[in-house]
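Below: the structure, in structure tokens.
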Amino acid sequence: GAVVSQHPSRVICKSGTSVKIECRSLDFQATTMFWYRQFPKQSLMLMATSNEGSKATYEQGVEKDKFLINHASLTLSTLTVTSAHPEDSSFYICSARDEWGRVGNSPLHFGNGTRLTVT
Amino acid sequence: SQQGEEDPQALSIQEGENATMNCSYKTSINNLQWYRQNSGRGLVHLILIRSNEREKHSGRLRVTLDTSKKSSSLLITASRAADTASYFCATDVGYGQNFVFGPGTRLSVLP
């Protein structure tokens, strides 16, 4: 089945530093990837839609300059949390649809998430 | 606002019992999907039901969809301790667009 690899799985950083999270589709091409944030015991909150070769589409309330998204190839999207602060500590998850998903009725394939802790 | 809303929010049952989770949504959909999430992990796709389907089975899973009531249910039969996880419904509202996830049901299956 389709596999999405997300790296790193855990990261601890100091306040003010930047952290990059990678999301790769291993055996399929993904023109669209999605980035979510999840708080404990809550659902996924969509942050942005990452589009290969174009700018990401951010959800309302998500700071574009804070959460930089780059989708430079059909298999890789990155989320960079810039100047991280303790309130950015959370679980970040990416997902992707393969090319056939463009015609609908296909599932999302998820990475295993990244636990970010900002001290 | 949340498109999909599951109930109950939490469910605790004994091994061997059946678990039923419900999902309601608000707008028209192309399909509805159920996902499972183990603690601290990503989501795993369980089953997809199209808007023109009413019931679907996959192993111990049974999903129903009632588009007139804008609701779906997920039944897990003969539950096992390994079924302990959070379960989310997600509605696909448009081709190529994002899914909208409900708040999830946390299922605990006690041995």
Side-chain angles (χ1 to χ4, degrees), chain A residues 1-7 9-10 21 23-25 30-52 56-60 62 90-117, chain B residues 1-11 21 23-25 28-53 56 58 61 63 65 85-108:
Chain A
V3 176
V4 172
S5 174
Q6 185 173 343
H7 179 82
S9 58
R10 289 180 178 272
I21 303 170
C23 182
R24 293 181 185 272
S25 56
T31 55
T32 303
M33 292 186 176
F34 304 99
W35 288 96
Y36 306 85
R37 183 171 179 174
Q38 187 179 31
F39 294 101
K41 297 185 179 180
Q42 293 190 25
S43 187
L44 282 71
M45 182 189 78
L46 178 66
M47 298 174 65
T49 301
S50 172
N51 305 297
E52 186 267 337
T57 304
Y58 289 82
E59 295 300 300
Q60 193 172 9
V62 178
S90 192
F91 191 58
Y92 294 88
I93 310 176
C94 70
S95 71
R97 305 177 83 150
D98 62 33
E99 283 292 285
W100 291 107
R102 297 175 72 186
V103 295
N105 292 321
S106 66
L108 289 172
H109 307 290
F110 284 84
N112 277 327
T114 297
R115 174 74 58 194
L116 171 64
T117 303
Chain B
S1 61
Q2 287 280 7
Q3 164 75 321
E5 297 186 1
E6 289 97 337
D7 80 270
Q9 291 188 356
L11 179 61
M21 289 159 269
C23 169
S24 61
Y25 58 93
S28 296
I29 60 172
N30 294 313
N31 63 69
L32 184 144
Q33 304 185 20
W34 285 90
Y35 289 82
R36 166 196 168 124
Q37 183 182 33
N38 287 350
S39 180
R41 307 282 286 181
L43 277 69
V44 174
H45 177 256
L46 295 177
I47 197 164
L48 179 154
I49 186 165
R50 293 185 171 85
S51 59
N52 61 353
E53 297 176 315
K56 205 159 184 180
S58 176
L61 305 181
V63 168
L65 179 64
S86 291
Y87 293 83
F88 296 91
C89 70
T91 49
D92 187 355
V93 298
Y95 293 145
Q97 296 180 31
N98 181 49
F99 295 4
V100 181
F101 286 85
T105 294
R106 294 190 307 279
L107 174 65
S108 297

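Order of the sequence lines fixes the chain letters, A, B, ..., with proteins taken first and strands second; residue numbering starts at 1 for each chain.
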Looking only at atom types and distance, does a side-chain atom of B:Tyr35 sit under 3.5 Å from a main-chain N or O of A:Leu108, one as donor and one as acceptor?
yes
Give, for atom NE2 of B:His45 and atom CZ of A:Phe110, the distance between the pair rounded to the nearest 0.5 Å.
10.0 Å
Out of curiosity, A:Gln38 CD to B:Phe101 CZ, how far, rounded to the nearest 0.5 Å?
10.0 Å
Between A:Gln6 and chain B, with a heavy-atom cut-off of 4.5 Å, which part of the residue counts as in contact: side chain, backbone, both or neither?
neither
Restricting to non-hydrogen atoms, name the atom on B:Phe88 and the atom on A:Gln42 that form the minimum distance, rounded to 0.1 Å.
CZ-O, 4.1 Å
Partner residues of A:Lys41 under the salt bridge (charged side-chain N to carboxylate O under 4.0 Å, His left out) criterion, sequence neighbours left out:
none
Let's test your reading of the structure: which of B:Ala10, B:Ser86, B:Gly40 forms the most heavy-atom pairs below 4.5 Å with chain A?
B:Gly40
Per-residue contact mode, B:Arg106 against chain A (heavy atom under 4.5 angstrom):
side chain
Counting only heavy atoms closer than 4.5 Å, note whether B:Gln9 contacts chain A via side chain, backbone, both or neither.
neither
Between the main-chain N or O of B:Gly104 and the side-chain N or O of A:Ser43, is there a donor-acceptor pair closer than 3.5 Å?
no
